[in-house]
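Just so it is clear: chains get the letters A, B, ... in the order the sequence lines come, proteins before strands, and each one is counted from 1.
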Protein chains: 2
Amino acid sequence: MKRITIVDVAKKAGVSKGTVSAVINGKNTVKPETREHILKVMKEMNFRPKGVARNLKNGHQDKSIGIIIKDINYPFYTAIATGVKEYASSKGYSVIITSSENNHESEKKFSHLFSTKDIKGAIIAPIVEGTAEIEHLFNLKMLNFPFVLLEDVKGIQANVVAIDNLKAIKRAVKYLMDCGHTKIVHFAGPPHSSHTQERIEGFRHAFSESTLVFHPDMIVQIGSDYEESYKKTIEYFKKLNKEDYPTAIVCFNDLQALSVMLALKELNIRVPDDISIIGNDDIFYAKIYPVPLTTIRAPQREIGKKAAEILIKNIESSTLLPVEKVVLETELVIRESTKVLVRN
Amino acid sequence: MKRITIVDVAKKAGVSKGTVSAVINGKNTVKPETREHILKVMKEMNFRPKGVARNLKNGHQDKSIGIIIKDINYPFYTAIATGVKEYASSKGYSVIITSSENNHESEKKFSHLFSTKDIKGAIIAPIVEGTAEIEHLFNLKMLNFPFVLLEDVKGIQANVVAIDNLKAIKRAVKYLMDCGHTKIVHFAGPPHSSHTQERIEGFRHAFSESTLVFHPDMIVQIGSDYEESYKKTIEYFKKLNKEDYPTAIVCFNDLQALSVMLALKELNIRVPDDISIIGNDDIFYAKIYPVPLTTIRAPQREIGKKAAEILIKNIESSTLLPVEKVVLETELVIRESTKVLVRN
DNA sequence: AAAAACCATTAAACCGTTTTAATTGACCAA
DNA sequence: TTGGTCAATTAAAACGGTTTAATGGTTTTT
């Protein structure tokens with residue numbers, strides 16, 4: 001089961017490994033017939049030259065960075081990746097994308113992969129909470145592997161580019177209050193996500209800074225999976241008397257919001273006439289929706305761009321740079337899923 | 001500007017490189033104080049051990065495959081990637097994703113990257129047309145690099161997993177004909193895509209197999225970019241008399257269809273009451289749309305899965321396997337954007 | 001016919017690490 | 001004092017290729 005090397009090929013072909021190497025690299029110094037012969041032997045043995053070994057000697061300086069996102073199917077992350085890509089390309093870097101699917105094992109695997117394959121640095125949407133785990137990810141202290149995080153992990157000494165989730169949701173809630181809504185609820189995300197917690201926090205803060213009073217019932221467990229949030233929304237409203245319906249819902253993210261709107265349609269509840277909906281993220285499909293979604297926009301491309309910028313700066317520096325933490329601003333994008341409540 | 005190596009560190013720290021290596025790898029054979037000292041020197045010099053070299057010696061057999069898609073923001077491709085991922089994981093492979101953005105240079109860069117970094121094989125949605133270019137991509141004859149294509153390139157001797165685009169569109173058109181539509185048009189994709197051509201072909205075939213007659217005006221240049229197709233759709237209808245409106249549109253893909261539906265709404269044309277719309281691909285968001293889209297479903301996950309299966313089989317085989325070409329079936333998914341035309 | 005030039009091939013050095021075997025020095029027991 | 005252990009370190013081999021300089025055999029030039 002031993003790997004076939006260039007020596008094996010050389011031996012079988014009755015030539016030196018230098019010659020084999022020459023044909024692999026298309027050098028024109030080798031006689032056509034030996035070339036053909038070697039090619040034949042290579043094919044017979046199904047010889048695949050080992051990339052890292054080739055790489056080592058000639059020191060191919062191909063510049064590339066990696067990014068680990070949580071879900072390749074969520075447009076929010078692919079938009080960030082696009083931002084990374086745009087900036088990185090302009091600096092001559094290729095970017096390779098991996099998706100952890102919220103699985104810490106994958107996260108570990110990929111970070112190991114990166115450091116092992118001469119990827120020059122990485123941008124990570126981290127899953128784990130602990131500082132130690134993250135540092136462990138890149139064997140940080142040992143390898144000096146440059147990376148930047150897309151979420152602030154409490155107490156970590158690392159580069160971070162992120163948005164202020166708490167503030168974002170607070171902004172959304174305040175906008176609804178300004179529109180005259182008083183019966184506002186929050187449809188919360190998946191239980192174990194740090195985003196879910198931050199957004200619940202933001203929701204509460206908004207109330208504590210207003211004259212309205214917060215009640216735990218205002219937080220509804222909905223999740224962000226498409227099927228799940230659809231079902232749970234239906235259930236939620238089925239359990240309620242019409243007069244107890246909220247007049248506005250702050251959603252965990254845009255995908256959930258889309259799903260909720262679909263459920264409301266099924267229930268014959270009109271958006272925004274009966275209920276205002278506000279999303280979060282501003283993914284591409286939020287504006288394509290026939291009732292364009294009011295949402296809190298996270299500057300996805302800019303996040304990617306900024307992260308790439310910091311990363312590449314670190315990669316190219318010959319000295320260890322001080323840690324940077326940047327928080328980008330979110331923006332309320334008012335479209336058609338929310339409306340001012342007229343008192344009667 | 002020379003790279004800092006372990007020897008430089010060793011020299012500066014006054015130890016042998018073996019010792020430095022030991023601290024990098026967290027061996028417990030090194031005295032705490034030397035360890036600390038070496039760590040300090042490493043930090044000072046900002047030493048980053050070269051991955052490929054580490055890899056070469058200890059021969060880390062981390063199994064990973066790559067995939068090159070055309071557009072990371074189009075859910076069709078990320079769904080394929082998900083299929084790849086699912087199968088690959090089950091076989092212990094990690095998958096890394098890259099996006100060529102329809103740019104041949106990127107495609108070349110990534111394939112080179114893969115073969116150079118000991119990625120074991122690749123799945124590619126190819127941009128280029130020529131057999132030679134594709135073979136060149138992996139220096140095919142030389143490196144025996146295993147790969148599978150997601151589109152059939154005419155005359156190529158390579159593994160392919162794809163769908164029959166022509167047949168798919170034909171199916172769509174026939175369905176509309178069966179529904180009684182006679183004024184059917186095709187909103188074509190971006191001019192230089194091979195998909196665009198295949199789909200136009202399919203549209204014509206459907207006509208040649210029916211009693212209706214094809215006219216070149218039935219092919220409308222719309223493109224697939226969201227903004228562009230929105231605008232062009234509006235223009236198209238503005239130029240037409242109401243009585244000349246088609247009663248059905250076969251769209252290039254679902255994203256275009258979504259965009260078209262949005263434009264129709266703007267124009268106060270109802271879907272499906274005034275015009276039936278049929279998409280292509282069945283991306284995730286097609287069914288979330290309030291008028292769920294009738295479309296030709298390409299089995300995205302299955303495509304990914306099958307491609308991964310063939311790829312891994314080739315990777316793990318010690319002999320060169322014969323080329324496989326598999327064509328997966330598409331399926332008409334009837335939802336609410338099309339309706340039967342009642343004669344009056 | 002000898003020298004020069006050329007072609008194809010090979011042997012050896014090299015890339016930057018890890019690993020193994022050998023070495024050194026300190027400590028302890030007899 | 002001698003020898004044996006043990007802990008810490010080092011020198012050298014190894015990983016699997018590429019590249020360079022040397023080699024030997026032909027052909028061409030003078």
Side-chain angles (χ1 to χ4, degrees), chain A residues 1-39 41-42 45-62 112 115-118 120 139 142-145, chain B residues 1-39 41-42 45-62 112 115-118 120 139 142-145:
Chain A
M1 239 4 211
K2 222 185 131 301
R3 179 188 192 101
I4 294 180
T5 75
I6 200 172
V7 202
D8 302 319
V9 175
K11 201 173 296 168
K12 182 148 181 195
V15 297
S16 77
K17 55 180 187 159
T19 310
V20 178
S21 173
V23 350
I24 292 174
N25 293 286
K27 295 273 198 308
N28 58 357
T29 64
V30 36
K31 195 159 54 170
E33 59 215 60
T34 27
R35 171 194 196 70
E36 287 313 313
H37 177 227
I38 291 175
L39 240 30
V41 173
M42 279 171 52
M45 306 182 80
N46 198 18
F47 167 59
R48 303 185 198 134
K50 191 164 185 168
V52 292
R54 309 187 61 199
N55 217 1
L56 180 55
K57 171 64 186 188
N58 60 18
H60 270 148
Q61 271 312 44
D62 52 3
H112 177 255
S115 63
T116 219
K117 295 239 184 283
D118 263 6
K120 300 286 182 290
N139 202 352
M142 308 300 161
L143 303 185
N144 279 155
F145 191 82
Chain B
M1 239 2 215
K2 225 186 130 301
R3 179 186 191 102
I4 294 180
T5 75
I6 200 172
V7 199
D8 303 318
V9 175
K11 201 173 297 171
K12 183 148 178 191
V15 297
S16 77
K17 54 183 185 155
T19 311
V20 178
S21 174
V23 352
I24 292 174
N25 294 286
K27 296 274 197 312
N28 59 356
T29 65
V30 36
K31 193 158 56 168
E33 59 216 60
T34 29
R35 170 194 196 70
E36 287 313 314
H37 176 225
I38 290 174
L39 240 28
V41 174
M42 279 171 52
M45 306 182 80
N46 198 20
F47 167 60
R48 304 185 197 133
K50 189 164 187 165
V52 292
R54 309 187 63 198
N55 215 1
L56 178 55
K57 175 59 190 187
N58 61 16
H60 270 145
Q61 271 311 46
D62 49 4
H112 177 254
S115 62
T116 220
K117 295 238 184 285
D118 263 8
K120 301 286 183 287
N139 201 352
M142 310 299 161
L143 303 185
N144 279 155
F145 191 84

Heavy-atom protein contacts under 4.0 Å, nucleotides 23-28 of chain C, coded B base, S sugar-phosphate only, - none
------
Contact string for nucleotides 10-18 of chain C, one letter per nucleotide 5' to 3', B = base within protein heavy-atom range under 4.0 Å, S = sugar-phosphate only, - = neither, reads B---BBBBB
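In this structure, Lys17(A) NZ and Asp8(A) CG are separated by 11.5 Å, a value rounded to the nearest 0.5 Å. Within the model, atoms OG1 of Thr19(A) and NE2 of His37(A) stand 12.0 Å from one another, a figure rounded to the nearest 0.5 Å. A distance of 4.0 Å separates CG in Asp62(A) from NZ in Lys117(B), rounded to the nearest 0.5 Å. Between the CD1 atom in Ile6(A) and the NZ atom in Lys50(A) there is a gap of 13.5 Å [rounded to 0.5 Å]. Put simply, CG on Leu143(B) and CE on Met42(A) are 7.0 Å apart, with the number rounded to the nearest 0.5 Å. Taking CD1 from Ile4(B) and CG from Asn144(A), the interatomic distance works out to 10.0 Å, rounded to the nearest 0.5 Å.
Among all heavy-atom pairs drawn from Ile24(A) and Phe47(A), the shortest one is CD1-CE2, 3.7 Å. When all heavy atoms of Gly26(B) and Arg35(B) are compared, the closest pair comes out as CA-NH2, 4.4 Å.
A donor-acceptor pair is defined here as one N or O able to donate and one able to accept, closer than 3.5 Å; no such pair exists between the side chain of Asn55(B) and the backbone of Gly51(B).
Put simply, the side chain of Val20(B) does not reach to within 4.5 Å of the side chain of Val41(B), judged on heavy atoms.
For DNA chain D, the contact window with chain A, defined by any atom under 4.0 Å from a protein heavy atom, covers dG16(D) to dT19(D) in 5' to 3' order.
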